[in-house]
Colleague: 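Dropping the structure in here first, questions after.
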Amino acid sequence: MGRHRAWTTRDCTKGRGRLEVRHLKTAAFRHLNHPGACQALRVMRWRKVLTSNRITIERLYFVTSLPPDVASGTQIAAWIRVHWKIENQLHHVRDTTFAEDASTIRTGSLPRVMAGLRNLAISICQQDNHTNIAAATRHPSRPLATLGWT
């Protein structure tokens, strides 16, 4: 596998009442008992809430099939941030608006079906240009018309 320079990238942002510093480090490896694995990634995040000065530190580890030297550390860090932004936005809405975490449906394929229905409801609201999904579900306009079914 040729030479590989381990990427280290540092990013700092301030917003939503907090300061966040993220540090990405990558490492390529030749032998791992996992098909297709090429690199290991570590993301360390330091968050400081500006109003309380409370600091939290997270360490996240990833394994990727992305070959070394295909993307810079900055690109990989940006992809990780976009992925988590999408994940957090969708799961936050599903939990706060539809109380998904409180659901007692836990057997068979029904949890997956219910998640799909919740995602469909969110998508319909977004397609109808609603930015507040909770408000849109309290006062549904014409969901079937939005889907073109009427």
Side-chain angles (χ1 to χ4, degrees), residues 1-134 136-137 143 146-148:
M1 178 189 276
R3 295 187 69 215
H4 170 65
R5 185 182 139 229
W7 292 104
T8 57
T9 303
R10 185 180 165 139
D11 180 26
C12 186
T13 57
K14 187 175 179 181
R16 298 184 179 232
R18 66 181 180 223
L19 175 68
E20 188 169 325
V21 177
R22 289 169 298 281
H23 184 261
L24 168 76
K25 185 171 186 177
T26 68
F29 40 90
R30 293 175 189 191
H31 306 288
L32 181 70
N33 194 13
H34 192 286
C38 293
Q39 292 185 84
L41 313 170
R42 183 189 72 190
V43 176
M44 289 187 65
R45 285 194 295 225
W46 292 269
R47 286 189 185 126
K48 179 180 181 180
V49 178
L50 299 176
T51 55
S52 66
N53 287 331
R54 181 173 176 250
I55 296 174
T56 58
I57 300 172
E58 289 180 301
R59 289 173 186 85
L60 307 164
Y61 297 92
F62 304 91
V63 175
T64 181
S65 60
L66 184 68
D69 300 324
V70 168
S72 70
T74 304
Q75 289 171 311
I76 295 170
W79 293 335
I80 291 171
R81 288 191 68 199
V82 167
H83 171 78
W84 282 108
K85 179 180 178 186
I86 293 167
E87 283 285 316
N88 288 337
Q89 285 177 340
L90 179 61
H91 290 291
H92 177 75
V93 170
R94 281 180 17 191
D95 190 36
T96 58
T97 302
F98 297 105
E100 186 173 60
D101 286 349
S103 175
T104 57
I105 299 169
R106 299 210 181 349
T107 58
S109 61
L110 201 51
R112 183 175 291 164
V113 170
M114 291 304 299
L117 291 172
R118 291 180 188 109
N119 289 343
L120 176 63
I122 292 166
S123 296
I124 291 170
C125 293
Q126 290 172 338
Q127 188 175 1
D128 210 17
N129 295 321
H130 292 283
T131 55
N132 186 331
I133 305 300
T137 59
T146 301
L147 292 171

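Starting from 1, each residue takes its place in the sequence as its number. Excluded from the calculations below are hydrogen atoms, water molecules and symmetry mates; all remaining heavy atoms, backbone and side chain alike, are included.
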Colleague: To the nearest 0.5 angstrom, please state how far the CZ atom of Arg118 sits from the CG atom of Leu90.
Modeller: 11.0 Å
Colleague: To the nearest 0.5 angstrom, please state how far the NE2 atom of His91 sits from the CG atom of Asp101.
Modeller: 10.0 Å
Colleague: Got a sec, which residues hit salt bridge (charged side-chain N to carboxylate O under 4.0 Å, His left out) with Asp95, two or more places apart in sequence or on another chain?
Modeller: none
Colleague: Sequence neighbours left out, what passes side chain to side chain contact (heavy atoms under 4.5 Å, CB included) with Arg112? Give chain and number order.
Modeller: none
Colleague: Out of curiosity, Ile122 CD1 to Ile124 CD1, how far, rounded to the nearest 0.5 Å?
Modeller: 10.5 Å
Colleague: Would you please name every residue forming a salt bridge (charged side-chain N to carboxylate O under 4.0 Å, His left out) with Arg42, sequence neighbours left out?
Modeller: none
Colleague: With rounding to the nearest 0.5 angstrom, report the CZ to OG1 distance, Arg45 to Thr56.
Modeller: 8.5 Å
Colleague: How long is the span from the CZ atom in Arg16 to the CG atom in Leu50, to the nearest 0.5 Å?
Modeller: 13.5 Å
Colleague: Within a 6.0 Å radius of atom NE2 on His92, are there more than 12 heavy atoms belonging to other residues, nucleotides or ligands?
Modeller: no
Colleague: For a quick test of reading the model, state the closest non-hydrogen atom pair linking Ile133 to Gln126 and the distance between them.
Modeller: CD1-CG, 4.0 Å
Colleague: Any chance you could lay out the side chain to side chain contact (heavy atoms under 4.5 Å, CB included) test for Lys48 and Trp46, step after step, and finish with the verdict?
Modeller: CA-CA 7 Å; Lys48 179 180 181 180; Trp46 292 269; over 6 Å; no
Colleague: Could you tell me whether a side-chain N or O of Arg106 sits under 3.5 Å from a main-chain N or O of Ser103, the two making a donor and an acceptor?
Modeller: yes
Colleague: Partners of Ala134 by side chain to side chain contact (heavy atoms under 4.5 Å, CB included), sequence neighbours excluded?
Modeller: Thr97, Asn132, Arg138
Colleague: Roughly how far, to the nearest 0.5 Å, is the CD1 atom of Ile80 from the CG atom of Leu60?
Modeller: 8.5 Å
Colleague: Can you tell me if Arg59 has over 12 outside heavy atoms packed within less than 6.0 Å of its CZ?
Modeller: no
Colleague: Enumerate, atom names and distances included, each donor-acceptor pair closer than 3.5 Å involving a side-chain atom of residues 17-25, sequence neighbours excluded.
Modeller:
| from | atom 1 | to | atom 2 | distance (Å) |
| --- | --- | --- | --- | --- |
| Glu20 | OE1 | Arg47 | NE | 3.0 |
| Glu20 | OE2 | Arg22 | NH1 | 2.9 |
| Arg22 | NH1 | Thr13 | OG1 | 3.4 |
| Arg22 | NH2 | Asp11 | OD2 | 2.6 |
| Arg22 | NH2 | Thr13 | OG1 | 3.4 |

Colleague: Could you pull out all residues at least two apart from Ser65 that satisfy side chain to side chain contact (heavy atoms under 4.5 Å, CB included)?
Modeller: none
Colleague: Checking the side chain of Gln39 only, and the main-chain atoms of Leu66 only, is there a donor and an acceptor separated by less than 3.5 Å?
Modeller: yes
